[in-house]
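Notes follow the structure.
FYI, side chains are in, hydrogens and waters are out, and symmetry mates aren't considered; it's all heavy atoms of this structure.
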Amino acid sequence: MAEGLQKRLESEVEKFQGVQKDLQKYISSRQKLEAQLSENTLVKAELDLIKDDGTVFKMIGPVLVKQELDEAKQNVQKRIDYINGEIKRHESLIKDLEKKQEAHKEVLSKLQHQFQQAQVKAATKA
């Protein structure tokens, strides 16, 4: 009985560690998205400061190409919208993984308790 309990415990620990790894991956990803959002928000603020007759250049590879101000503003706004959507998606994934992590913690706690009781019973019999 103790061996089966130990295997279940080890299996649950592996699942818990997998969830933790995924959680860290998504948290890191969300942080990168937030940095990109901040950068794009600054770009949008700078573009808003430019007068309508101002010149905007876009870097494509090693070349600067002239771009319409309205087009540049639209592109930046689209990027901001996309990044916001990705952040929301990551946040929901993170919440789901946190719930899974809590469920695994509860199962691990119960299994550890059962394993300890089994060891105490085995020790008293011996």
Distance-minimising heavy-atom pair for Ile87 and Leu33: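 Minimum heavy-atom separation between Ile87 and Leu33: CG1-CB, 3.7 Å.
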Tell me every residue that passes salt bridge (charged side-chain N to carboxylate O under 4.0 Å, His left out) with [X], counting only those two or more places apart in sequence or in another chain.
X: Arg89; answer: Glu86
X: Lys105; answer: Glu102
X: Glu10; answer: none

Which residues pass the side-chain hydrogen bond (donor to acceptor under 3.5 Å, both in side chains) test with Glu34, sequence neighbours left out?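 None.
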Taking only residues two or more places apart in sequence or in another chain, which ones pass side-chain hydrogen bond (donor to acceptor under 3.5 Å, both in side chains) with Gln77?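 Residues passing side-chain hydrogen bond (donor to acceptor under 3.5 Å, both in side chains) with Gln77: Asp81.
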Counterpart residues, side-chain contact (heavy atoms from CB on, under 4.5 Å), relative to [X] (two or more places apart):
X: Phe57; answer: Thr55, Leu64, Lys66
X: Lys95; answer: none
X: Val65; answer: Ile60, Val63
X: Glu71; answer: Gln67, Glu68, Asn75

Show me the donor-acceptor pairs, under 3.5 Å and distance only, between side chains in residues 35-49 and residues at least two apart or in other chains.
unit_1: Asn40; atom_1: OD1; unit_2: Arg79; atom_2: NH1; d: 3.1
unit_1: Asn40; atom_1: ND2; unit_2: Gln36; atom_2: O; d: 2.8
unit_1: Thr41; atom_1: OG1; unit_2: Leu37; atom_2: O; d: 2.7

Can you pull the ring-ring contact (aromatic ring centres under 6.0 Å, His included) pairs that have at least one residue in residues 91-114, sequence neighbours excluded?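 Matches after skipping sequence neighbours: none remain.
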Donor-acceptor pairs under 3.5 angstrom involving side-chain atoms of residues 14-31: please list them, not counting sequence neighbours.
unit_1: Ser29; atom_1: OG; unit_2: His90; atom_2: NE2; d: 3.4

Residue pair Leu111 / Gln114, side-chain heavy-atom distance below 4.5 Å: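 Answer yes - side chains close enough.
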Please round to the nearest 0.5 Å and tell me the distance separating atom CD of Gln116 and atom NZ of Lys121.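 Gln116 atom CD to Lys121 atom NZ measures 13.5 Å (nearest 0.5 Å).
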What's the spacing between Leu69 CG and Gln74 CD if we round to 0.5 Å?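 Reported value, rounded in 0.5 Å steps: 10.0 Å.
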Take a 6.0 Å sphere around NZ of Lys73 and say whether it holds more than 12 heavy atoms from other residues, nucleotides or ligands.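 Counting other residues, nucleotides and ligands, NZ of Lys73 exceeds 12 neighbours.
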